[in-house]
Amino acid sequence: MAATRLIPLHRNKGKTLLQTLKERTDYAQNPEKTEEGKLVSSYECDPVTVDEEFLLSKSRYEKTFRKEQKNGVIAYQIRQSFKPGEITPEEANQIGFELAMRFTKGKYAFIVATHTDKAHIHNHILFNSTRLDGQGKFQNFFLSSFAIQRISDLLCLEHGLSVIDPKPYSKREKKTKWPEKKTIRDQICDEIDRILNEKPKDFETFLEMMERAGYECKSGKYTAFRGNNQKCFVRMRSLGEGYTEKDIRAFITENRERNSGKKNKRQTKGAEETAVSLIIDIQNKLQQKGPGYKRWATVYNLKQMSKTLLFLRDHRIDSMEQLNDFVDGKISRRDELLARMQALDKQLTETAALKKHIINYSRTRDNYTAYRKAGYSRKFQEEHQEEIILHKAAKKAFDELGIKKIPKVKELNRKYTELVQEKKTVYGEYRKIRDELQEYLIARKNIEMMYHAEQEQKEEKEKNKNNIHRSQDAMQH
């Protein structure tokens, strides 16, 4: 676990640029704090002359752009502090070097000094604000500190260390007394209690009563409900003891009185508290190098699993069941949006075709009237054959669409614009859902691969154990 912070460094008042750089680098490389300089590493510079080499890059920049360094940022410092007792000084220095390399992308010289003078081992990473080639300066971007923390978390996971679990803002405050807030699952449980007290005759009647109460029911392998303000379906099996489909069916068959669901909810809450979080479980497997780890690490990228772990943490996903619910909800919403886009495409095509027929009908109406007055003369038809064909085609289209009063082109243009705008909005949401679903599917696949590798390792171990026993028995006989 490591906490990070990005600090811009400026020229000290009354000091030259070189003096300021030397003070900063000397403090970072203090021999008493870095085991006589053994815990200092560098990139594209020598720790002994780092201040002069930083200044040399700045001189190239000033000659190229004719800009003198005055009161701007002369360097940046990243502080990276680790949890006491979790890491060795040498590994901390290695992680600090990788952090600096990934963040600067190798375009800026830097030094990494690991301090061991306090209970927590920490790194001082100093990188030049001017690029190595002197052709530009580092631009401190919005949320750069968040980017550094993200890279640091990934590196900690890759090295089998813990990461800081960010708490929601609401949980950081000291609360006194707040009204009880019911979750979506609590609301569904309350509705189930109410309906069961009305004693439905069978499970199908129970589902119908839930639909009348405003819940959308999805049957199949798992029965799930979704309320008006819910984005995803909630499976019955995730509601806790007493609320699974099996429990509800048994209750209806026995025809008992339904008590308040508070008792069941307390039982569910206790079960959730004693259950091992998916995030903690995976993180422990990575840190302890448990069964299946070595095999899994050889066939898959450790960096991908670290990203998956951060994804689960950021989205507050604590179980595979919860992850599957999210995936099902995203798939359902994606399919709805895709169907809506196809319907809009059809309406756009029909509107464009109708507009074309109206224009053709108006343009050829006079010729067709003259053709009719001429007694449908063959000579007139030959002279105005194209106009007559277009007019008949337009009239046929109106008849097929059941149009008695021809709409105005202006109205069709407005309708077409509205359809295009709606399609644009729907497509934007569709792309967002599609990309989110891809992230959820990747996370699920990564987790399944890790647990599958662990299971294979256990089975192989058990198989070898049985073979040894059989061999021993054969030798005895």
Side-chain angles (χ1 to χ4, degrees), residues 204 207-208 211-212 214-221 224-233 326-442:
E204 287 69 28
L207 293 179
E208 292 175 2
E211 288 180 345
R212 286 198 295 270
Y215 285 89
E216 182 180 355
C217 301
K218 183 172 72 172
S219 301
K221 185 177 180 181
F225 300 115
R226 180 171 68 180
N228 294 329
N229 297 323
Q230 290 177 227
K231 292 184 178 179
C232 304
F233 280 91
F326 275 113
V327 170
D328 292 343
K330 297 291 182 185
I331 291 175
S332 177
R333 183 57 180 161
R334 181 203 62 186
D335 293 343
E336 290 176 6
L337 293 171
L338 186 60
R340 181 56 186 159
M341 283 196 297
Q342 291 173 349
L344 288 171
D345 282 335
K346 183 179 179 181
Q347 292 182 45
L348 285 169
T349 303
E350 292 175 351
T351 303
L354 180 58
K355 177 183 173 182
K356 182 179 179 181
H357 285 308
I358 292 174
I359 293 173
N360 290 338
Y361 183 83
S362 300
R363 184 167 58 85
T364 61
R365 182 167 50 188
D366 293 340
N367 284 331
Y368 192 82
T369 302
Y371 170 61
R372 189 176 57 198
K373 290 180 178 180
Y376 302 102
S377 168
R378 183 179 295 276
K379 181 179 179 182
F380 189 95
Q381 182 183 8
E382 291 175 355
E383 292 176 353
H384 303 85
Q385 184 176 8
E386 183 179 353
E387 290 85 352
I388 293 172
I389 292 174
L390 290 174
H391 192 84
K392 287 182 177 180
K395 199 170 182 181
K396 182 180 178 182
F398 298 154
D399 293 338
E400 290 176 352
L401 294 172
I403 297 176
K404 295 181 179 180
K405 184 179 179 181
I406 300 176
K408 296 181 180 179
V409 175
K410 186 177 181 181
E411 294 177 356
L412 288 178
N413 287 337
R414 183 172 64 252
K415 180 182 178 181
Y416 192 88
T417 303
E418 291 174 355
L419 290 172
V420 169
Q421 187 61 38
E422 183 181 356
K423 182 184 175 182
K424 184 178 179 181
T425 303
V426 172
Y427 182 69
E429 185 181 355
Y430 169 79
R431 285 190 60 184
K432 181 181 177 182
I433 293 292
R434 182 194 62 190
D435 295 342
E436 290 175 354
L437 174 61
Q438 186 68 17
E439 292 180 346
Y440 281 106
L441 290 173
I442 291 173

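Predicted model, so just to flag it, every value in this text is computed and none were measured.
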If you apply the rule side-chain contact (heavy atoms from CB on, under 4.5 Å), what do you find for M341 with Y430, and how did you get there? CA-CA 9 Å; M341 283 196 297; Y430 169 79; 3.6 Å; yes

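- Closest non-hydrogen pair, L354 versus P407, comes out as CD2-CG, 4.3 Å.
- Between the CG atom of L419 and the CG atom of L348 there is a distance of 5.0 Å, given to the nearest 0.5 Å.
- To the nearest 0.5 angstrom, L207 atom CG is 7.0 Å from E211 atom CD.
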In sequence, state the C-alpha distance, the side-chain angles, and the governing distance for Q421 and T417, and then conclude on side-chain contact (heavy atoms from CB on, under 4.5 Å). CA-CA 6 Å; Q421 187 61 38; T417 303; 5.6 Å; no

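- When all heavy atoms are compared, the tightest approach of N360 to T364 is O-OG1, 2.7 Å.
- Here the CG-CD distance, from N228 to E216, works out to 9.5 Å after rounding to the nearest 0.5 Å.
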Between K395 and K392, is a side-chain contact (heavy atoms from CB on, under 4.5 Å) present by the stated rule, with each step listed? CA-CA 5 Å; K395 199 170 182 181; K392 287 182 177 180; 5.7 Å; no

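- Between R365 atom CZ and L390 atom CG the span is 15.0 Å, to the nearest 0.5 Å.
- Contact between Y361 and H391 at its shortest, heavy atoms only, is CE1-CE1, 3.3 Å.
- Every residue was checked against the salt bridge (charged side-chain N to carboxylate O under 4.0 Å, His left out) condition with E418, not counting sequence neighbours, and none meets it.
- F225 has its ring centre no less than 6.0 Å from the ring centre of F233.
- Looking at every heavy atom in both residues, S332 comes nearest to R226 through OG-NH1, 4.5 Å.
- The one candidate from E436, E439, Q438 that meets the side-chain contact (heavy atoms from CB on, under 4.5 Å) condition with K330 is E436.
- Applying the salt bridge (charged side-chain N to carboxylate O under 4.0 Å, His left out) test to R333 and every residue at least two apart in sequence or in another chain returns E336, E429.
- More than 12 heavy atoms of other residues, nucleotides or ligands lie within 6.0 Å of NZ in K218, so this atom counts as buried by the packing criterion.
- Among all heavy-atom pairs drawn from H357 and A397, the shortest one is CD2-CB, 3.5 Å.
- Annotation: side chain of Q342 is not in contact with side chain of K346 (no heavy-atom distance under 4.5 Å).
- For CD of E386, the number of neighbouring non-hydrogen atoms (other residues, nucleotides, ligands) closer than 6.0 Å is 12 at most.
- Ring geometry for F326 versus Y440: interplanar angle under 30°, hence parallel rather than tilted (30 to 60°).
- Separating the CZ atom in R334 from the CZ atom in R434 is a distance of 10.0 Å, to the nearest 0.5 Å.
- The minimum heavy-atom distance between V327 and L437, with the atom names listed, is O-CD1, 3.9 Å.
- To the nearest 0.5 Å, the span separating OG on S377 from NE2 on H384 amounts to 10.5 Å.
- Ring-plane geometry between Y376 and Y368 is classed as perpendicular, the angle between the planes exceeding 60 degrees on a 0 to 90 degree scale with a lower cut at 30.
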